[in-house]
S.K.: 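Shown below is the structure under consideration.
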Amino acid sequence: MRGQFIEGIDFVSQSAEHKLYKNVSHKRTLSLLNKRYILIIDKLSSDKVHDYEQLFHLFPGAVIEKNGININVYQQRNQPLKIADTLDN
């Protein structure tokens, strides 16, 4: 399905949607904020109960620290990539 591209002063954002998985709609918005932060928002919906899993393919040599449901990934100790779960349960 056709997505939407939005560009502002301090951000760009692209969204898309597909229904490649049976009975599941997957909507994703990917935003670049201040040329520094990447925000990924996934919305999966279905009329049936499913277990979902999200995987990120990281760079070789990545140092990973887990803190509860949040994850920090480092290439250099002072430059973390933060992965945070924002599920509404």
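Quick note: numbers below take in every heavy atom, side chains included, and nothing from hydrogens, waters or symmetry partners. Residue numbers count from 1 along this sequence.
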S.K.: Less than 4.5 Å apart, any side-chain heavy atom of D42 and any of H26?
M.R.: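 D42 reaches H26 side chain to side chain.
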
S.K.: Does some side-chain heavy atom of Y37 sit less than 4.5 Å from a side-chain heavy atom of L32?
M.R.: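 No - every pair of side-chain heavy atoms lies 4.5 Å or more apart.
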
S.K.: With rounding to the nearest 0.5 angstrom, report the CG to CG distance, L39 to L33.
M.R.: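 Rounded to the nearest 0.5 Å, the CG-CG separation comes out at 6.0 Å.
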
S.K.: Measuring from Q4:CD to S13:OG, what's the distance to the nearest 0.5 Å?
M.R.: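 Interatomic distance, Q4 CD to S13 OG, rounded to 0.5 Å: 8.0 Å.
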
S.K.: To the closest 0.5 Å, what do you measure between CD (E17) and CZ (R28)?
M.R.: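 Spacing of CD (E17) from CZ (R28) equals 13.0 Å.
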
S.K.: Within the 4.5 Å heavy-atom criterion, are K19 and V24 side-chain neighbours or not?
M.R.: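 K19 vs V24: side chains apart.
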
S.K.: Is the CZ atom of F11 crowded by more than 12 outside heavy atoms at less than 6.0 Å?
M.R.: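 Yes, enclosed.
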
S.K.: Less than 4.5 Å apart, side chain to side chain, heavy atoms only: is that true for L30 and I38?
M.R.: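 The answer is yes; the side chains approach within 4.5 Å.
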
S.K.: For Y52, does its backbone N or O pair with a side-chain atom of H50 as donor and acceptor, under 3.5 Å?
M.R.: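 Looks like no, no N/O pair under 3.5 Å.
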
S.K.: Any side-chain heavy atom of F59 sitting closer than 4.5 Å to one from V73?
M.R.: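 F59 vs V73: side chains touch.
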
S.K.: With a 4.5 Å cut-off on side-chain heavy-atom distances among I, L, V, M, F, W and Y, is there a chain of contacts connecting I40 to L44?
M.R.: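 Hydrophobic grouping puts I40 apart from L44.
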
S.K.: Could you check T29 against S15 for side chain to side chain donor-acceptor pair (under 3.5 Å), going step by step and ending with a plain yes or no?
M.R.: CA-CA 4 Å; T29 301; S15 64; 4.8 Å; no

S.K.: Minimum heavy-atom separation for Q14 and G3, please, with both atom names.
M.R.: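 Taking Q14 first and G3 second, the nearest heavy atoms are NE2-C, 4.0 Å.
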
S.K.: Taking S46 for its side chain and N23 for its backbone only, find out whether a donor-acceptor pair lies under 3.5 Å.
M.R.: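 Yes: the side chain of S46 pairs with the backbone of N23.
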
S.K.: In Å, rounded to the nearest 0.5 Å, how long is the span from OG of S25 to CG of D47?
M.R.: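 Those atoms lie 11.0 Å apart.
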
